[in-house]
There are 2 protein chains.
Amino acid sequence: MTAPQRLIQTATEAVPKRPRGRPRKTADERDDGNRRPALLSAAARLFRRQGFDATSTRDIAAAVGMHSGSPFYHFKSKSALLCAVMEEGMRSAIARQACAVQSVPPSPALAQMRQLIRTHFDTLHGRGNDFVPVMLYEHRSLTDLQRVSLSKLQHEYEAAWTPVLEALHASGHLRAPVKLSRLLILGALSWSVQWFSARKGASLDELTDAAMALFLKE
Amino acid sequence: MTAPQRLIQTATEAVPKRPRGRPRKTADERDDGNRRPALLSAAARLFRRQGFDATSTRDIAAAVGMHSGSPFYHFKSKSALLCAVMEEGMRSAIARQACAVQSVPPSPALAQMRQLIRTHFDTLHGRGNDFVPVMLYEHRSLTDLQRVSLSKLQHEYEAAWTPVLEALHASGHLRAPVKLSRLLILGALSWSVQWFSARKGASLDELTDAAMALFLKE
DNA sequence: CCTACCGATCGGTAGG
DNA sequence: CCTACCGATCGGTAGG
């Protein structure tokens, strides 16, 4: 909160008044905001690799070249940083999902479904996409309030599946109840963070084919 | 390691020699072994509720009426206790699974499949079955060596699914590749620890029906 | 299994 | 964003 120039101003007594309004940022202040994304990325990577509890705020600070107390200048607590990671993950996942769904005509629900599955795998296993996997693992380390604020984004993400599943149910491609189907399907896909490896085994496309063949008739 | 009687023996110089061989347990010693199951159960319950890192060994000790250092008389480290919880969970899950499979004739693979799914849900959501859910969540908190020793039990559990899935694949009830099917199906079922509630929503039987309808044709 | 304790780590903060 | 620091907690151990 204390502005750096304060130090200089107190040295000289009579200083010409600064212009009114919010002071312009000087070159020295430019770091104020733009280190936040770096902190988020480093935190996401470390949280995914080591887990939330096994990662200290010192680890995160070191990963972006800060000193131990500095992350708390950007985030009020370690769990607030975790929550920010998850929110960022959900926001970009929702954007990716919306973009993917729009790129496919709505008429064959099977094609929409394939796109949803493929996009979900990308969100989980794409290069640098550590944000959502962290959310799947570390949900428990949030406070109740943070969980509530996140649940809105989660519902938004899940909501995109419902009309597609309903269409598939109506056309006979899906026989199980829609709501339980959504829970089971998303679980099957999300669980792949536990076993999928980009370097061995099936590719994401093969995985998508297998999921389609497993869940849908015809 | 130091036997409690030692204290008494040193008080009197000339003590009649104890009979050879391992000393019989006296009433005071009876706790030596049989507090272990209590520790395991308490640990499983707390690990599931709060997570491994959020549970201190003091919490566990208090839950069974011990003092803070005493769990380390039974387990050499906190993670050894975690590993013991998981091993106990897998052993009883495997036993439950073997019993369930044998109770059903092998001929309709669909009936076998239903039994496997239903038993898996029981292992995850049955009363007092906290051991396996802990394993699903806290896999990362094990040492590499512990993970290796556990993987044998996990493979044993998963192996029971393969012949059933192969039969279903051969009969046309399952179209996706067997190996990927097993991974996706077990993921869908296991993920239910994240959302299933015994007090609201579907029952375990309804869940089993939904899973059968979702994964299998006809 | 208890008592008494240690060393290390960690989230967080005051003040600049 | 750095410096310097604190209070609390925690896994684990020695000795009995």
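Below, read A as the first sequence line, B as the second, and so on, with proteins coming before strands; counting in each chain starts at 1. What you see is a predicted model; the values in this text were computed from it and never measured.
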* Taking all non-hydrogen atoms of both residues, which atom of B:Gln146 and which atom of B:Ser79 are closest, and how far apart? -> NE2-OG, 3.2 Å
* **Toward the 5' end of DNA chain C, by each residue's nearest nucleotide, A:Ala54 or B:Ser68** => B:Ser68
* **Residue matched to D:dG16 through Watson-Crick or wobble contacts both under 3.5 angstrom** => C:dC1
* Does B:Ser70 make a side-chain N or O approach to OP1 or OP2 of C:dC2 shorter than 4.0 Å? -> yes
* To do: Determine, step by step, whether B:Ser149 and B:Glu87 satisfy the side chain to side chain donor-acceptor pair (under 3.5 Å) criterion, reporting the C-alpha distance in whole Å, the side-chain angles of both residues, the deciding distance to 0.1 Å, and the verdict.
  => CA-CA 9 Å; B:Ser149 94; B:Glu87 283 175 349; 3.2 Å; yes
* Nearest-angstrom distance from the residue atom CE of A:Met66 to C1' of D:dC1 -> 7 Å
* Atom pair distance, as rounded to whole Å: CD in A:Gln50 and P in C:dC10 -> 10 Å
* Rounded to whole angstrom units, what separation is found between the CZ atom of B:Phe72 and the P atom of C:dT3? -> 17 Å
* Taking a pair as Watson-Crick or G-U wobble with both distances under 3.5 Å, which nucleotide is matched to C:dA8? -> D:dT9
* Euclidean distance, atom CZ of residue B:Phe47 to atom C1' of D:dG11 [Å, nearest integer] -> 12 Å
* **Length of the line joining B:Asp53:CG and D:dG11:P, which is rounded to integer Å** => 9 Å
* Compare every heavy atom of A:Asn129 with every heavy atom of A:Asp122, then report the nearest pair and how far apart it is. => O-ND2, 2.8 Å
* To do: Flag the pair A:His139 / B:Tyr137 as yes when their ring centroid distance falls below 6.0 Å, and as no otherwise.
  => no
* Between B:Lys78 and B:Glu138, is there a salt bridge with N-O shorter than 4.0 Å? -> no
* Asked: For D:dC10, does OP1 or OP2 lie under 4.0 Å from any side-chain N or O of B:Arg58?
  -> no
* Could you tell me the separation between the CD1 atom of A:Ile60 and the P atom of C:dG12, rounded to a whole number of Å? => 11 Å
* Asked: According to a strict under-4.0 Å criterion, is B:Ser56 in side-chain N/O contact with OP1 or OP2 of D:dT9?
  -> no
* Would you classify A:Ser79 as touching base, sugar-phosphate or nothing, given that sugar-phosphate means primed atoms plus P, OP1 and OP2, and contacts are heavy atoms under 4.0 Å? => nothing
* Rounded off to whole Å, could you give me the OH-to-C1' distance for the B:Tyr73 and D:dG16 pair? => 13 Å
* To do: Rounded off to whole Å, could you give me the NZ-to-P distance for the B:Lys78 and D:dG12 pair?
  => 8 Å
